[in-house]
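Proteins come first, then strands; the chains are lettered A, B, ... in the order of their sequence lines, and each starts at number 1.
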Amino acid sequence: MPELPEVEVVRRGLERWVTGRSVASADVLHPRAVRRHLAGGEDFARRLTGLRFAAPLRRGKYLWLPVDDAPFAVLAHLGMSGQLLVQPGEAPDEKHLRVRLRFADELGTELRFVDQRTFGGLSLHDTGPDGLPDVIAHIARDPLDPLFDEDAFHQALRRRRTTVKRALLDQSLISGVGNIYADEALWRSRLHYDRPTATLTRPRSAELLTHIRAVMTAALDVGGTSFDSLYVNVNGESGYFDRSLDAYGREGEPCRRCGTPIRRRPWMNRSSYFCPRCQRPPRATG
DNA sequence: CCTAGAACCTGCGAGC
DNA sequence: TGCTCGCAGGTTCTAG
């Protein structure tokens, strides 16, 4: 389940293994993987051929490969199960291989987009003056972006008539946070997921943001140790998930602060994990 | 404009 | 053994 830290690990891998390489050919093996490329898979493959990639960039869960000296970029989103792999050309195709890019050099490796559930995909888009692909102009800066506007974030929370976890997952307010890191940050902040955002004081929202950054940085430190290899890989199964989660996936296990069993609640067609003692639900208001 | 909820997709494991 | 069903959840679209 790639969220910001996992996508950043992939970006670093691409930076090392793909920057500066030119595309010799592109194969689209599943049309759904390029559905955001509205002109279709054939157009995608034809336009990519011959392009040379600059260093990859990321905002939230999106990453993109800008094209050298041209105002467009190959945009990637991993969805739920997407992977970008740099593989030897002779490696057997993965079961869920969706797109293959071969390069015009002698390194012998190719870039593969593999995605079991095809929520993710690749597409080619124009980039604006800021270098951002046009279709993600609505995605907010993420909490690790030096230009993230903390004051604007707080004001937006105060203005919204919604609850705090909904707000954290709203990529137009803050990007890169998914279900896992939302639950982790709320646990660290002792906030219940149904707390109305309008009730958050400035110190509380600042504390929440600090915890979001801390949990993401911790995950990045773990996941980031594996990027220095031939294979650019992401699958959400980094060591961080085995050892370090405090709330997510821990139903029935003791809260690491107070020992109360962690609870799971159905929430928005998914789950929220929380400590019923540390994270008290808000009082119902009329 | 704002917010809530459904749809998209496939593999896996539990239960019968 | 083999079937059904719930679950995983980021993004986009639609309804209200």
Whole angstroms only, please: what is the [atom1]-[atom2] distance between [X] and [N]?
{"X": "Y181(A)", "N": "dA8(C)", "atom1": "OH", "atom2": "C1'", "answer": "16 Å"}
{"X": "D170(A)", "N": "dT11(C)", "atom1": "CG", "atom2": "C1'", "answer": "11 Å"}
{"X": "E6(A)", "N": "dA8(C)", "atom1": "CD", "atom2": "C1'", "answer": "15 Å"}
{"X": "E251(A)", "N": "dC7(C)", "atom1": "CD", "atom2": "P", "answer": "11 Å"}
{"X": "N269(A)", "N": "dT11(C)", "atom1": "CG", "atom2": "P", "answer": "16 Å"}
{"X": "N179(A)", "N": "dC7(C)", "atom1": "CG", "atom2": "C1'", "answer": "12 Å"}
{"X": "R265(A)", "N": "dA8(C)", "atom1": "CZ", "atom2": "P", "answer": "14 Å"}
{"X": "R59(A)", "N": "dT11(C)", "atom1": "CZ", "atom2": "P", "answer": "14 Å"}

Would you find a donor on one side and an acceptor on the other, under 3.5 Å apart, between the side chain of S175(A) and the backbone of Q171(A)?
no

Would you check if the distance from the ring center of H125(A) to the ring center of F72(A) is below 6.0 Å?
no

Criterion side-chain contact (heavy atoms from CB on, under 4.5 Å) on L132(A) and W64(A), from CA distance to verdict:
CA-CA 9 Å; L132(A) 204 67; W64(A) 63 96; 3.4 Å; yes

As an exercise, state the distance from CG of L111(A) to CG of L65(A), rounded to the nearest 0.5 Å.
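Going from CG on L111(A) over to CG on L65(A), the span is 7.5 Å.
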
For [X] and [Y], test the side chains for any donor-to-acceptor distance below 3.5 angstrom and give the result as yes or no.
{"X": "H138(A)", "Y": "S172(A)", "result": "no"}
{"X": "S272(A)", "Y": "K165(A)", "result": "yes"}
{"X": "T109(A)", "Y": "R21(A)", "result": "yes"}
{"X": "E94(A)", "Y": "Q83(A)", "result": "no"}
{"X": "S81(A)", "Y": "R117(A)", "result": "no"}

Between Q171(A) and dT11(C), does any side-chain N or O lie under 4.0 Å from OP1 or OP2?
yes

Assess R257(A) against W187(A): is NZ or CZ under 6.0 Å from the centre of the six-membered ring, and within 45 degrees of the ring's axis?
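Checked: cation-pi criterion met.
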
Can you tell whether the side chains of D115(A) and R32(A) come within less than 4.0 Å, N to carboxylate O?
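Not counted as a salt bridge, because no side-chain N and carboxylate O are separated by less than 4.0 Å.
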
DNA chain B: T163(A) or R270(A), which has the more 5' nearest nucleotide?
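Final value for this comparison: T163(A).
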
Can you check whether any acceptor in the base of dG10(C) is under 3.5 Å from a donor in the side chain of R117(A), or vice versa?
no

Using a heavy-atom cut-off of under 4.0 Å over every strand shown, decide if R264(A) touches base, sugar-phosphate, or nothing.
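Touches sugar-phosphate only.
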
For the helix from dC2(B)-dG16(C) to dC16(B)-dG2(C), what is the angle between the axes at its two ends, each from 5 pairs, rounded to 10°?
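Its terminal axes enclose an angle near 50°.
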
Please evaluate residues S271(A) and R264(A) with respect to the criterion side chain to side chain donor-acceptor pair (under 3.5 Å), reporting the C-alpha separation (whole Å), side-chain torsions for both, the decisive distance (0.1 Å), and the verdict.
CA-CA 6 Å; S271(A) 295; R264(A) 181 177 74 88; 2.9 Å; yes

Shorter than 3.5 Å, N or O on both sides, protein versus nucleotides 12-15 of chain C: list them out with atom names.
residue	atom	partner	partner atom	Å
dT12(C)	OP1	Y62(A)	OH	3.3

First and last nucleotide of DNA chain B in contact with chain A, 5' to 3', at under 4.0 Å to a heavy atom: what are they?
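The protein-touched segment is dT3(B) to dG11(B).
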
